[in-house]
Protein chains: 2
Amino acid sequence: MPKQVVPEQARRRRRKTRQGSVLSETLIVQTALRVLREHGSTGLTARRLGAALGADPSTLYRYFAGMDDLTRAIGEELMGRALDDWTTTGSWQVDLRALGLAIHSSYLQHPQAAVLTVSRVTGRPREIAADEAILGVLRGAGFPDATAVRVYHAFIDSTLAFAALDAGSLALTDEARETDEEMWSSTYARLPAATHPHIAATARLLAGRMTHSVYPVVLDTLLNDAAAQLRTARRHRAAQARAERSR
Amino acid sequence: MPKQVVPEQARRRRRKTRQGSVLSETLIVQTALRVLREHGSTGLTARRLGAALGADPSTLYRYFAGMDDLTRAIGEELMGRALDDWTTTGSWQVDLRALGLAIHSSYLQHPQAAVLTVSRVTGRPREIAADEAILGVLRGAGFPDATAVRVYHAFIDSTLAFAALDAGSLALTDEARETDEEMWSSTYARLPAATHPHIAATARLLAGRMTHSVYPVVLDTLLNDAAAQLRTARRHRAAQARAERSR
DNA sequence: CGGTTGGCGTCAACTGTGTTGGCATAAGAG
DNA sequence: CTCTTATGCCAACACAGTTGACGCCAACCG
């Protein structure tokens, strides 16, 4: 049993598995994502992943300290993909909107994986890169540091929180998810107006809305609010500058 | 083994456990909350809960269809407690703010339980009661139905999403959580300005902010935005009424 | 008041989980 | 080519959720 996991860079001897595959951290993470998609968020087990790789389960412990460590690596991968998909335009609001949607979408591409990883804050390289990028966009746009940090905080936590929430429902089995979605048109739509007047009155609207993510709506609200704060900050700075000149 | 779980109301014959306790759904849920608090979000096991109740693990299957079913019951309990703690004042914005904070806080009272339950939308009675209450507040305040439903959606999903996110970090072991929190003052604060200028410049602000929940900030932003929409809707209605009269 | 019934708690066992120590072997260093 | 040792495999451990069979006793009926 490995006393310590050998870091990927230092790995010299690559040996074929009994079934012929050659292992690596990235291969394991990719395969884990596939297993998660096929078997659900609780379906990633050491034995199953071993079988999918054509390797003994215990071999995984040569690459990761445990299933928990593997989970964090999967999270890093999702965050990394979001950053790779992101392109900047120069408009802070457009860029942050795009990045938020990219992160949200990257996690939702692998809902079963997202469920496992989204609440794990790891402080790994690509996660830090994302934070640096967001703060860069805000400070570059002229947000005062205190405001930039507040907006950053609301932005990143909302994005991750909604990624988790939305991934949660997507990660259900097809059967369970359809049951959940139909609930709005069955259970909720059939509540008698006598006991639940407000749900009854809006049942049709609810059924149309509740099956989609509100994240874009919330994101735009946050960004518009930030834009308003930026305008105030600019006015404030301009007023100060005028006062400075006229002294 | 029970072919079917007997519903709590229909339960007639209550028999003492070998160790003297008398079981019930609520006793099991209360005990489960205690076990979760003491042993963490992964520490709720059938055997451990059985031991805490002074009963055989398999007895739980007389009350719940499985650990999954028990989990949903725990979620219902948390939502119910939030509603019980809630009092209305007549101001829609004050009331919704209070309800959001109540739900958020109720889940955070039992972070380990919240982590397990928050992404499970069950459609159980008290969950429906909460939905009816929120829609009632909004429609009572004069929101047009379409707007009310949009605000409701953003409100409830944000609240649950942040409850999940924040519970996630609270549910870590004390040791792990302190490591996480210190990361802002250690790892992030020590990133060289050469590679991470923006994080380096705001490290002090970050360390002060990131260890608290942004939910209240986001909630206020959402509610203020809703208030603006309500004013527009009122103006619109007033204009229509004037046009009606002058015809 | 006693007999009967069946709801409910218990026991033992099944499958599947993460994880570990020991071992064989082939890849790469010399 | 030989030698080291990293790396993959095997077997086993403790623990998980779950289930079927069993028997006791609370509650109902006469």
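Basis for what follows: all heavy atoms, side chains included, without hydrogens, waters or symmetry-related copies. In what follows, every chain begins at residue 1, and chains take the letters A, B, ... in the order their sequences are listed.
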Electrostatic pair B:Glu76:B:Arg72 at N-O distance under 4.0 angstrom: no
Salt bridge check, B:Arg47 against B:Asp56: does any charged N sit closer than 4.0 Å to a carboxylate O? no
Pairs under 3.5 Å (N/O, protein and nucleotides 12-14 of chain C):
none

Residues in residues 26-45 of chain B with a heavy atom under 4.0 Å of DNA chain D, by number, are B:Leu44, B:Thr45
Which residues pass the side-chain hydrogen bond (donor to acceptor under 3.5 Å, both in side chains) test with A:Asp85, sequence neighbours left out? none
Length of the [atom1]-[atom2] vector between [X] and [N], whole Å:
X	N	atom1	atom2	result
B:Met67	C:dG16	CE	C1'	16 Å
B:Arg62	D:dG20	CZ	P	12 Å
A:Leu70	C:dG18	CG	C1'	12 Å
A:Leu23	C:dA26	CG	P	16 Å
A:Leu60	D:dC9	CG	P	10 Å
A:Leu49	C:dG16	CG	P	18 Å
B:Asp68	D:dT18	CG	C1'	13 Å
A:Asp69	C:dT20	CG	P	12 Å

Beyond-backbone contact of [X] with [Y], side-chain heavy atoms, under 4.5 angstrom:
X	Y	value
A:Ile74	A:Leu116	no
A:Ser24	A:Leu27	yes
B:Ile28	B:Leu70	yes
A:Val118	A:Leu78	no
A:Phe155	A:Leu219	yes

For a quick check of understanding: with a heavy-atom distance under 4.0 Å over all strands, which category does A:Phe64 fall into, base, sugar-phosphate or nothing? nothing
If we ignore angles and hydrogens, is there a donor and acceptor under 3.5 Å between the side chains of B:Asp131 and B:Tyr152? yes
Return the angle between end axes of the helix from C:dC1-D:dG30 to C:dG30-D:dC1, with five pairs used per end and rounding to 10°. 20°
Between B:Tyr63 and C:dG9, does any side-chain N or O lie under 4.0 Å from OP1 or OP2? yes
For C:dG21, does OP1 or OP2 lie under 4.0 Å from any side-chain N or O of A:Tyr61? no
Closer to the 5' end of DNA chain D via nearest nucleotide, is it B:Ala46 or A:Thr59? A:Thr59
Nearest-0.5 Å distance that lies between atom CZ in A:Arg150 and atom CZ in B:Arg209: 6.0 Å
Start with the C-alpha distance between B:Glu77 and B:Glu25, add both sets of side-chain angles, then the distance that settles side-chain contact (heavy atoms from CB on, under 4.5 Å), and finish with yes or no. CA-CA 11 Å; B:Glu77 173 67 19; B:Glu25 274 193 15; over 6 Å; no
Could you tell me which residues satisfy ring-ring contact (aromatic ring centres under 6.0 Å, His included) with A:His104, sequence neighbours excluded, listed by chain and number? A:Tyr215
Comparing A:Arg48 with A:Ala65, nearest DNA chain C nucleotide closer to 5' gives the residue A:Arg48
Detail all sub-3.5 Å separations between protein N/O atoms and N/O atoms belonging to nucleotides 28-30 of chain C.
unit_1: C:dG28; atom_1: OP1; unit_2: A:Arg12; atom_2: O; d: 3.1

Using the side-chain contact (heavy atoms from CB on, under 4.5 Å) rule, take A:Leu60 and A:Leu23 through it: C-alpha gap first, then chi angles, then the decisive distance, then the call. CA-CA 9 Å; A:Leu60 298 172; A:Leu23 300 184; 6.0 Å; no
Test side-chain contact (heavy atoms from CB on, under 4.5 Å), reference A:His39, set A:Val35, A:Thr42, A:Leu36, output is A:Val35
Using only modelled atom types and a 3.5 angstrom limit, is any donor from either the side chain of A:Arg15 or the base of D:dG8 paired with an acceptor on the other? no
